[in-house]
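Notes for the one structure printed next.
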Amino acid sequence: MTLLQELESRLAAALTATLGEPSSAAVTPAADLRFGDYQSNAAMVLAKQRKTNPRALAQEIIDHLDLSGLATADIAGPGFINFRILPTAYAAHTAALIRDPRLGVPATGTGQTVVVDFSAPNVAKPMHVGHIRSTIIGDSLARIARFLGFHVIADNHIGDWGTQFGMILHGWKTQLEPAALDADPIQELVRIYRAVNAEIKNDASLLETCKAELVRLQAGDPENLAIWQQCIDVSKRGLQKIYDRLDVKFDHWLGESHYNERLPGLVEEFLQKGIAKESNGAICIFSDDSKPLEEDPFKVHKEGGWTDNPAIIRKADGGFLYATTDLATLQFRMDEWKADQIWYVVGVPQQLHFRQLFDAAARWGKTGDFRHIAFGSILGDDRRLMKTRSGDNVGLIEVLEEAVERAAKAIAEKNPDLQGEEAAQIAEIVGIGAVKFAELSQGRLTDYVFSWDRMLALQGDTAPYLQYSHVRIRSIFRKLEGPFDPTTAEIHLNEDAEIHLARLLARFGEVLPTILDDFRPNLLANYVLELARAFHSYFEACPVLKAEEPIRSSRLALCDLTSRTLKQGLELLGIQVPERM
RNA sequence: GCACCCGUAGCUCAAUUGGAUAGAGCGUCUGACUACGAAUCAGAAGGUUAGGGGUUCGAGUCCCUUCGGGUGUACCA
């Protein structure tokens, strides 16, 4: 049980004793250490309901509160109850954490299956910086959910069946250079895609040719199918290289093409059930008029009036769309994987699509917890959204390479002893970590302008700062002669710096579950920063190896726990830690 | 037109979802290395939370409104 839960349960008992009935006893970490470690505003909330004096009520609650062996409590301000954890209680809790492989983290997700849909790049196009958010945030959320006990299925819903294949097929047939394809397949696919795109701008009729190629592909034409398969294969290999470097893993890569054969039947079912109907030759889902206009995703206000804003599931030309595939995908995940929840880590611009998707799914009888985990846009220098089609965006691979290069330069400068393969490996860990942490330490909804210096910073609140704190701890254990068993050490907490470290270590299990309340990995990023900062202060203030027993063992054990917690926190963010750097 | 995301220190971002005197990093300024690793630490300066109004014990957070930026709004994904 976390300290926060322990306080809540004791407060709940006191509230029942005071009021004669159970009442919600919410405790939060104190906003400011001057007020103690934890606080509750229960007295103020209850006093409002009962129209009594909050401070008097708080006193009454404290009179019924048994905090023996755990904390002290007092009243402050308008009626806050502030709790101060006893150093002995922190010591006991720390000792328990040292013996706990889960580091005090409760398994809140047991029995729940959640599908996490993230990254989902289009094939035959290189990933650019715009793809980084979904990939990194999604991966981190999947890791966190897994650690919290959820059965997680990470699914890369790649765009392997879109309209872009019309252009690629045409380009493949008219201007492919086989030598270039051998040398760098993705590069060549991109080249022909862009070339066709450019041609279309001059000759609109070409668009029809491309559409015809796409229709042939969708009809199962063997030649087009073979070309398509070859494109998919080389693209997947290219993507896998990036995922390997990012240390991102998927359980499945079920792209759009996986759902092809289900689409016609799905549209028929929607027609039969009356959820969709024909309009201007297309099959559309319209509003069921059960919602107020403003909340209805199938209505839109335009030029002074409300009009329909349907989701099209079959085009007038017979083709299927994004919405069709997503409905089929949702069904598959519910039926085949028995998903309780599906998390879609996709940008804000697609919000309307997901509102429509979830609404349509509900009318279809698919009940589950579906979440669009939206994130803000990465903007270009012109402060406008980076467009996938423009083609001149910074490539993801370039960002990673530049990051590693900068890290290598820093290593050469700060620790020239590191050489060769070892230095290269550390540069990889540090550089990639910096990119990931830059992304994860920020609120997901914030838009930002892409900047090399911002994404690749190695100073300040960055991954290298965190990794360095781990290196410092390891350094202590390298110098330590003989074995050390932290589970047998007695914990003594005297200095402010070590009490503060213990305070933060106790919070790991409190912070982690709250991340999934609103899908905010930045809370974990903030936490590990605080922990690392606390460790660095402790490191300066409290000698470990030079201390006398039993303090020495106590401090060693604290270092060991810090190292484990830090490493675990970073692992949940997808960031690795080197032994030296 | 309408909807959604956003506006916080010079810059880049936080703020435990309605809590106490709004916090970090970068940059600026002062100090600390013959070291348990200075990629560090201790400290200083920096704010009318875009403007205005409201709700209440209490608002960066909720409501109304004005301004500014971004995105979306029927056959792309």
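The chains referred to below are lettered A, B, ... by the order of the sequence lines, with proteins before strands, and numbering in each begins at 1.
Atoms CE (A:Met44) and C1' (B:C57) sit 8 Å apart, rounded to a whole Å. Regarding A:Leu33, its CG atom lies at a distance of 13 Å from the C1' atom of B:U16, rounded to whole Å. Atom P of nucleotide B:A74 and atom NE2 of A:His353 are separated by 15 Å, given to the nearest angstrom. A:Arg478 has its CZ atom 14 Å from the P atom of B:C36, to the nearest Å. Here the C1' atom of nucleotide B:C36 and the CG atom of A:Asp560 are 15 Å apart, to the nearest Å. Atoms CG (A:Asn522) and C1' (B:U12) sit 15 Å apart, rounded to a whole Å.
Under 4.0 Å is where a charged nitrogen must lie from a carboxylate oxygen, and between A:Asp317 and A:Lys211 no such pair does. Ion pairing of A:Glu530 with A:Arg507 is absent here, as no side-chain N (NZ or NE/NH1/NH2) approaches a carboxylate O to less than 4.0 Å.
Remark: the separation of the C1' atoms in B:A24 and B:A45 is 16 Å, to the nearest Å. Comparing the same atom, P, in B:G27 and in B:C41 gives a spacing of 13 Å after rounding to whole Å. Comparing the same atom, P, in B:G31 and in B:C36 gives a spacing of 23 Å after rounding to whole Å. Going from the P atom of B:U49 to that of B:A59 covers 12 Å, rounded to whole Å. Rounded to whole Å, the C1' atom of B:U71 lies 42 Å from the corresponding atom of B:U40. Of the C1' atoms belonging to B:C13 and B:G18, the separation is 23 Å, rounded to the nearest Å. Separation of the P atoms belonging to B:A20 and B:G37 is 40 Å when rounded to the nearest angstrom.
The side chain of A:Ser537 places an N or O atom within less than 4.0 Å of a non-bridging phosphate oxygen (OP1 or OP2) of B:A42. The phosphate of B:G37 has neither OP1 nor OP2 within less than 4.0 Å of any side-chain N or O from A:Arg580. For A:Tyr468 and B:A39, the shortest distance from a side-chain N or O to OP1 or OP2 is below 4.0 Å. Phosphate proximity of B:U40 to A:Lys414: absent, as no side-chain N or O sits under 4.0 Å from OP1 or OP2.
Partners of A:Val129 according to the side-chain contact (heavy atoms from CB on, under 4.5 Å) rule, which considers only residues two or more places apart in sequence or in another chain, are A:Met386, A:Val394, A:Val399, A:Phe450.
Looking at A:Ser279, its side chain comes within 3.5 Å of the base of B:A74 through a donor and an acceptor atom.
Among the protein residues, A:Asn280 comes within range of the nucleic acid bases, having at least one heavy atom under 4.0 Å from a base atom. Contact annotation for A:Asp517: no contact, since no heavy-atom pair falls under 4.0 Å across all strands. A:Asn526 comes within 4.0 angstrom of sugar-phosphate atoms only, judged by non-hydrogen atoms across all strands, and of no base. Among the protein residues, A:Cys559 comes within range of no part of the nucleic acid, since none of its heavy atoms lies under 4.0 Å from any strand. When heavy atoms are screened at a 4.0 angstrom cut-off, A:Gly443 is found touching the sugar-phosphate backbone but no base atom. As judged by a 4.0 angstrom heavy-atom cut-off over every strand, A:Gln350 is placed among the base-contacting residues. Among the protein residues, A:Tyr448 comes within range of the sugar-phosphate backbone only, with heavy atoms under 4.0 Å from sugar or phosphate atoms but none that close to a base. Nucleic acid contact for A:Pro310: base, since at least one base atom lies under 4.0 Å from a heavy atom of the residue.
In this structure B:U48 sits in no base pair that meets the Watson-Crick or G-U test at under 3.5 Å. The partner of B:A42, taking Watson-Crick or G-U wobble pairs whose two distances both stay under 3.5 Å, is B:U30. Base-pair partner of B:A14: not found among the strands shown (Watson-Crick or G-U wobble, both distances under 3.5 Å). B:G7 and B:C67 make up a base pair, with Watson-Crick or G-U wobble contacts both under 3.5 Å.
Evaluated for a ring pair (Phe, Tyr, Trp, His ring centres under 6.0 Å) with A:His372, the options A:Phe354, A:Tyr344, A:Phe118, A:Phe519 yield exactly one hit, A:Phe354.
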Practice task
Determine, for nucleotides 20-31 of chain B in 5'-to-3' order, which nucleotides have protein heavy atoms under 4.0 Å from the base (write B), from only the sugar-phosphate (write S), or from neither (write -).
Solution key: BB--SSS-----
Fill in the blank from the handout: Once base and sugar-phosphate atoms are separated, protein heavy atoms under 4.0 Å mark nucleotides 3-8 of chain B, 5' to 3', with B, S and - as -SSS--
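Evaluation of A:Phe539 against the base of B:C36 yields a stacking contact (centre distance < 5.5 Å, interplanar angle < 30°).
Syn is the classification of B:U17, since its glycosidic angle stays within 90° of 0.
Between A:Ile575 and A:Gln467 there is a side-chain heavy-atom pair separated by less than 4.5 Å.
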Exercise for the section: Decide yes or no on ring-ring contact (aromatic ring centres under 6.0 Å, His included) for A:His157 and A:Tyr259, but give the supporting numbers first. Expected result: CA-CA 11 Å; A:His157 191 64; A:Tyr259 301 95; 5.8 Å; yes
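Heavy-atom distances under 4.0 Å link RNA chain B to A:Pro543, A:Val544, A:Leu545, A:Lys546 of residues 543-557 of chain A, given in residue order.
Minimum atom distance to the side chain of A:His536 is reached by B:U40, of the listed B:A77, B:U12, B:U40. In this structure, the nucleotide among B:A39, B:C76, B:G70 sitting nearest to the side chain of A:Leu379 is B:G70.
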Please output the side-chain donor-acceptor pairs of residues 25-39 of chain A that fall under 3.5 Å, not counting sequence neighbours, one pair per line with the distance.
residue	atom	partner	partner atom	Å
A:Asp32	OD1	A:Arg34	N	2.9
A:Asp32	OD1	A:Arg34	NE	3.2
A:Asp32	OD2	A:Arg34	NE	3.4
A:Asp32	OD2	A:Arg34	NH2	2.5
A:Asp37	OD1	A:Tyr90	OH	3.3
A:Asp37	OD1	A:Arg503	NE	2.6
A:Asp37	OD1	A:Arg503	NH2	3.0
A:Asp37	OD2	A:Ile85	N	2.7
A:Tyr38	OH	A:Glu510	OE1	3.1
A:Tyr38	OH	A:Glu510	OE2	2.8

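Among residue pairs with one or both ends in residues 445-463 of chain A, those qualifying as salt bridge (charged side-chain N to carboxylate O under 4.0 Å, His left out) are A:Arg406-A:Asp453, A:Asp461-A:Arg533; sequence neighbours excluded.
For an aromatic pair to be called close, the ring centres must be under 6.0 Å apart, and A:His536 with A:Tyr465 satisfies this.
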